[in-house]
Amino acid sequence: MMLLKEYRICMPLTVEEYRIGQLYMISKHSHEQSERGEGVEVMQNEPYEDPVHGQGQLTEKRVYLNSKLPSWARAVVPRIFYVTEKAWNYYPYTITEYTCSFLPKFSIHIETKYEDNKGSNDNIFECEAKDAEREVCFIDIAYDEIPERYYKESEDPKNFVSEKTGRGLLKEGWRESQEPIMCSYKLVAVKFEVWGLQSRVEQFVHKVVRDVLLIGHRQAFAWVDEWYDMTVDDVREYETNMQYKTNIKVCNQHSSAMDEIGSDGKECT
């Protein structure tokens with residue numbers, strides 16, 4: 001058994017525009033998280049060809065999560081704790097998997113499809129989940145609450161207006177009248193097969209996933225003027241530069257942490 005939810009996140013963009021915006025947002029967001037000591041270390045990022053989906057990009061990352069864990073989870077995980085993310089990007093279709101060597105019975109599987117509509121396709125995952133029960137959750141980038149520590153007025157779509165596109169200042173019910181509009185459909189399966197903890201952990205992970213999706217899509221739109229004129233080559237170059245800077249920052253942070261752990265006799269994991 002696993003907890004399956006389908007998230008639908010609309011943005012005032014087109015699917016073609018978001019091809020660039022998605023890559024820009026992920027790179028900039030990862031670098032910002034490393035400033036908070038919640039780094040994302042890129043282990044692999046290279047072209048990949050799939051016999052079914054064709055040409056794409058494979059990335060593998062280590063996502064350091066200690067500060068995002070609740071106290072009951074921090075008590076049982078190592079001081080340096082990370083989740084491995086593997087993503088296959090065949091835009092407008094992507095697959096992302098999260099695993100953790102410390103928790104072999106834990107996994108997250110995300111399939112994403114992008115379409116130019118307002119989240120109205122109820123059969124988009126008909127093949128992937130036709131026999132599975134799932135809850136459909138709409139995420140509103142303008143009016144859903146985000147954790148207070150992540151709120152920035154400049155990234156609030158109710159207040160932000162794009163100079164390059166004229167889009168923004170989203171009003172209540174904006175999805176009904178917005179043009180252009182696109183939707184990220186995300187089928188998220190969370191599995192944690194440990195008796196007594198399964199439901200609690202799976203519900204918690206879905207809450208974290210929902211917050212990450214809300215924040216990331218808000219940022220992708222709020223940063224539109226930074227990436228709107230970029231080509232795919234431009235954003236790939238930006239991605240490479242940001243990965244280099246982020247990896248250095250994350251490595252330095254965790255070298256310091258390893259030194260601290262080593263000095264008091266605890267084992268590094």
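Since the model is a prediction, treat every value here as computed from it, not as a measurement.
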Report the distance from atom CD of Gln44 to atom NZ of Lys61, rounding to the nearest 0.5 Å.
-> 12.0 Å

Compute whether any side-chain donor of one residue and acceptor of the other, for His29 and Tyr24, lie under 3.5 angstrom apart.
-> no

Basic-acidic side-chain contact under 4.0 Å: Lys152, Asp156 | no

Between Phe125 and Glu111, what is the shortest heavy-atom contact and its length?
-> CZ-O, 3.5 Å

ILVMFWY network linking Val42 to Ile26, side-chain heavy atoms under 4.5 angstrom = no

Salt-bridge test for Arg134 and Glu6: reply yes if a basic N is under 4.0 Å from a carboxylate O, no otherwise.
-> yes

Distance (rounded to the nearest 0.5 Å) between Cys183 SG and Lys113 NZ | 13.0 Å

Report yes if some heavy atom in the side chain of Val190 is under 4.5 Å from a heavy atom in the side chain of Met2; otherwise report no.
-> no

Counting only N and O atoms by type, is there a donor-acceptor contact under 3.5 Å from the side chain of Gln219 to the main-chain atoms of Glu155?
-> no

Would Asp122 and Arg8 pass as an ion pair if we require N to O under 4.0 Å?
-> yes

Is the number of heavy atoms from other residues, nucleotides or ligands under 6.0 Å of Glu46 CD greater than 12?
-> yes

Would you find more than 12 non-hydrogen atoms of other residues, nucleotides or ligands less than 6.0 Å from Glu163 atom CD?
-> no

How about Ser107 and Lys191: does a side-chain donor come under 3.5 Å of a side-chain acceptor?
-> no

Are Ile248 and Met43 in one and the same hydrophobic cluster, where Ile, Leu, Val, Met, Phe, Trp and Tyr link if side-chain heavy atoms are under 4.5 Å apart?
-> no

Under 4.0 Å between a Lys/Arg side-chain N and an Asp/Glu carboxylate O for Glu179 and Arg167?
-> no

Are the side chain of Asn121 and the backbone N or O of Ile124 linked by a donor-acceptor pair below 3.5 Å?
-> yes

At what distance, to the nearest 0.5 angstrom, does CH2 of Trp223 lie from OG of Ser154?
-> 9.5 Å

Please confirm whether Lys158 makes a cation-pi placement over Tyr143, using NZ or CZ under 6.0 Å from the six-membered ring centre and within 45° of the ring normal.
-> yes

Can Asp225 and Ser162 be counted as having a side-chain donor-acceptor contact under 3.5 angstrom?
-> yes

Interatomic distance, Glu237 atom CD to Asn241 atom CG [nearest 0.5 angstrom] = 5.5 Å

Is any side-chain heavy atom of Leu4 less than 4.5 Å from a side-chain heavy atom of Leu187?
-> yes

Report the C-alpha separation of Glu135 and Leu3 in whole Å, then their side-chain angles, then the decisive distance to 0.1 Å, and conclude whether the side-chain contact (heavy atoms from CB on, under 4.5 Å) test is met.
-> CA-CA 9 Å; Glu135 179 185 351; Leu3 189 56; over 6 Å; no

Of all heavy-atom pairs linking Cys137 and Lys5, the shortest is SG-CD, 4.1 Å

Counting distance only, does the side-chain N/O of Tyr91 pair as donor-acceptor with the main-chain N or O of Val15 below 3.5 Å?
-> yes

Pro180 backbone acceptor or donor facing Gln178 side chain under 3.5 Å | yes

Taking every heavy atom of Thr99 against every heavy atom of Val83, the minimum-distance pair comes out as O-CG1, 3.3 Å

With a 4.0 Å cut-off, would you call Lys86 and Glu97 a salt bridge?
-> no

Check the pair Asn45, Thr59 against side-chain hydrogen bond (donor to acceptor under 3.5 Å, both in side chains), reporting the backbone distance first and the verdict last.
-> CA-CA 4 Å; Asn45 187 3; Thr59 58; 5.5 Å; no

Linked, directly or transitively: Val136 and Val209 (ILVMFWY side chains, under 4.5 Å) = no

Any donor-acceptor N/O pair, His217 side chain to Leu213 backbone, under 3.5 Å | yes

CD1 of Ile139 to CD1 of Ile215, rounded to nearest 0.5 Å, is 10.5 Å

Linked, directly or transitively: Ile110 and Phe138 (ILVMFWY side chains, under 4.5 Å) = no

State, yes or no, whether a side-chain contact exists between Asp116 and Glu16 at a heavy-atom distance under 4.5 Å.
-> no

Is Glu176 salt-bridged to Lys118, going by a charged N under 4.0 Å from an acidic O?
-> yes

His53 and Tyr93 aromatic ring geometry - parallel, tilted or perpendicular at 30°/60° bounds = tilted

Is the shortest heavy-atom distance from the side chain of Val235 to the side chain of Met230 under 4.5 Å?
-> yes

For residues Tyr228 and Thr165, determine if any side-chain heavy atom of one lies less than 4.5 Å from a side-chain heavy atom of the other.
-> yes

So, do Asp234 and Trp227 sit near enough that their side-chain heavy atoms are less than 4.5 Å apart?
-> no

So, for Tyr114 and Tyr185, is the gap between ring centers shorter than 6.0 Å?
-> no

If we only count heavy atoms from C-beta on, is the Val188 to Tyr7 side-chain gap below 4.5 Å?
-> yes

Would Glu226 and Lys164 pass as an ion pair if we require N to O under 4.0 Å?
-> no

Co-membership, hydrophobic cluster, residues Val224 and Val161, 4.5 Å side-chain | no

So CG of Leu170 and SG of Cys10: to nearest 0.5 Å the spacing works out to 11.0 Å

Should the heavy atoms of other residues, nucleotides or ligands under 6.0 Å from OH of Tyr151 be counted, would the total exceed 12?
-> yes

With under 30° as parallel and over 60° as perpendicular, where do the rings of Tyr90 and Tyr48 fit, or are they tilted in between?
-> tilted

If we only count heavy atoms from C-beta on, is the Thr14 to Tyr18 side-chain gap below 4.5 Å?
-> no

Specify the closest pair of heavy atoms between Gln55 and Pro47, including all atoms of both residues, with the distance to one decimal.
-> NE2-CB, 4.0 Å

